[in-house]
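Counting starts at 1 for both ligands and their atoms, in listed order. The chain is numbered in sequence order, starting from 1.
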Amino acid sequence: MTALLEVEDLRVAYGKIEAVKGISFKVEAGEVVTLIGTNGAGKTTTLRTLSGLLKPVGGQIKFNGKSLKKTPAHEIVQLGLAHSPEGRHIFPRMTIEDNLRLGAFLRSDRSGIEKDIQRAYDLFPILGERRKQAAGTLSGGEQQMLAMGRALMSQPKLLMLDEPSMGLSPIMMQKIMATIAELKSQGTTILLVEQNAQAALSLADHGHVMEVGNVVLSGTGQDLLHDESVRKAYLGED
Ligand SMILES: Nc1ncnc2c1ncn2[C@@H]1O[C@H](COP(=O)(O)OP(=O)(O)OP(=O)(O)O)[C@@H](O)[C@H]1O
Ligand SMILES: [Mg+2]
């Protein structure tokens with residue numbers, strides 16, 4: 001069986017600067033896979049390339065057996081790859097509900113869309129309570145929930161989350177991580193980029209450690225969580 005996502009020798013550059021230098025990894029259906037690594041390692045660049053927002057200079061991306069190399073971003077969403085970007089990018093003046101609807105812009109099944117809006121409210125009750133309010137009135141953590149809910153509105157086969165816990169209080173972070181675990185238990189396949197290595201590895205099936213554009217270590221979430229070099233570099237132990 002082929003994996004849902006197969007990335008092989010992927011290289012991405014900004015002008016002459018190569019930010020991703022030939023990385024390979026797979027995501028099997030139903031898995032949570034995490035990319036961890038220091039600032040500037042190339043994690044966001046990798047996700048933006050998978051979404052079609054950046055074009056690779058080399059390597060292969062296969063999603064559901066199909067090469068994404070020449071596929072435009074909106075078709076990639078249609079194929080089932082959704083992206084909740086770093087820094088959220090919600091629309092602050094639009095209502096929470098309209099932000100969610102934007103995530104379904106390629107769908108025309110109205111009753112399915114209504115059902116999925118309800119599902120987002122079940123997952124994040126605060127969004128339902130405040131559905132008619134401007135999204136800019138939400139707290140940082142609530143905006144993160146909205147960004148995740150919006151990404152789910154495209155009914156993705158693979159959900160990519162870029163630093164969902166960034167800038168959140170410990171309680172809010174736990175909430176977001178619990179939601180990711182819940183989505184996983186419902187069968188959602190997730191590619192998770194996180195600075196919080198402990199939280200990400202704890203719930204990931206597999207993880208890859210990135211440093212300056214390369215994957216330097218791969219393993220199961222548990223293996224990496226207990227790896228001495230990972231503990232020293234990313235979990236603050238000496
Ligand atoms: N638009 C751009 N133009 C030029 N260089 C860029 C651009 N975006 C990112 N880079 C560079 O590419 C490298 C990888 O950046 P990227 O944002 O992918 O890292 P990251 O792993 O997501 O880091 P962080 O954890 O800080 O979010 C960095 O050296 C960064 O400065
Ligand atoms: Mg980043």
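G40 N, 2.8 Å is the protein heavy atom nearest to atom 23 (O) of ligand 1. In this structure, the protein non-hydrogen atom closest to atom 26 (O) of ligand 1 is N39 ND2, 2.8 Å. In terms of protein heavy-atom proximity, atom 17 (O) of ligand 1 is closest to T44 CB, 3.7 Å. When hydrogens are left out, the protein atom nearest atom 10 (N) of ligand 1 is Y14 CE1, 3.3 Å; that is the closest non-hydrogen contact.
At a heavy-atom cutoff of 4.0 Å, ligand 1 is contacted by the side chain of E163 but not by its backbone.
Residue G37 places no N or O, backbone or side chain, under 3.5 Å from any N or O of ligand 1. At under 3.5 Å, a nitrogen or oxygen of G42, whether backbone or side chain, sits near a nitrogen or oxygen of ligand 1. Between T46 and ligand 1, not a single N/O pair is under 3.5 Å apart.
Salt-bridge check for D162 with R48: failed, with every basic side-chain N at 4.0 Å or more from each acidic carboxylate O. A salt bridge is defined here as a Lys NZ or Arg NE, NH1 or NH2 lying under 4.0 Å from an Asp or Glu carboxylate O, and R110 with E114 fails to meet this definition.
Between the side chain of E31 and the main chain of E28, a donor-acceptor pair closer than 3.5 Å is present. Checked by atom type and distance alone, the side chain of D227 pairs as donor or acceptor with a backbone atom of S229 at under 3.5 Å. Side-chain atoms of D205 do not come within 3.5 Å of backbone N or O of V33 as any donor-acceptor pair. With hydrogens and angles ignored, the 3.5 Å screen pairs no side-chain donor or acceptor of E194 with any backbone N or O of T34. A donor-acceptor pair under 3.5 Å is formed between the side chain of R231 and the backbone N or O of L225.
Within a 4.0 Å radius of atom 31 (O) of ligand 1, the protein contributes no heavy atom.
A 6.0 Å sphere centred on NZ of K115 holds no more than 12 heavy atoms belonging to other residues, nucleotides or ligands. No more than 12 heavy atoms of other residues, nucleotides or ligands lie within 6.0 Å of NZ in K175, so this atom counts as exposed by the packing criterion. The environment of Q78 atom CD is dense: over 12 non-hydrogen atoms of other residues, nucleotides or ligands sit within 6.0 angstrom.
Every atom of ligand 1 with a heavy atom of E86 under 4.0 Å away is listed here by number and element: 27 (O). Near T45, with a cut-off below 4.0 Å to any heavy atom, the atoms of ligand 1 are 14 (C), 15 (O), 16 (P), 18 (O). Within the listing of ligand 1, atoms 19 (O), 20 (P), 21 (O) sit less than 4.0 angstrom from a heavy atom of A41.
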Full working for side chain to side chain contact (heavy atoms under 4.5 Å, CB included) between T46 and M210:
CA-CA 11 Å; T46 301; M210 285 187 75; 3.9 Å; yes

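Using a 4.5 Å heavy-atom threshold, the side chains of L35 and I23 count as separate.
Legend: protein N/O/S atoms lying under 2.8 Å from the Mg ion (ligand 2), waters omitted, number 2.
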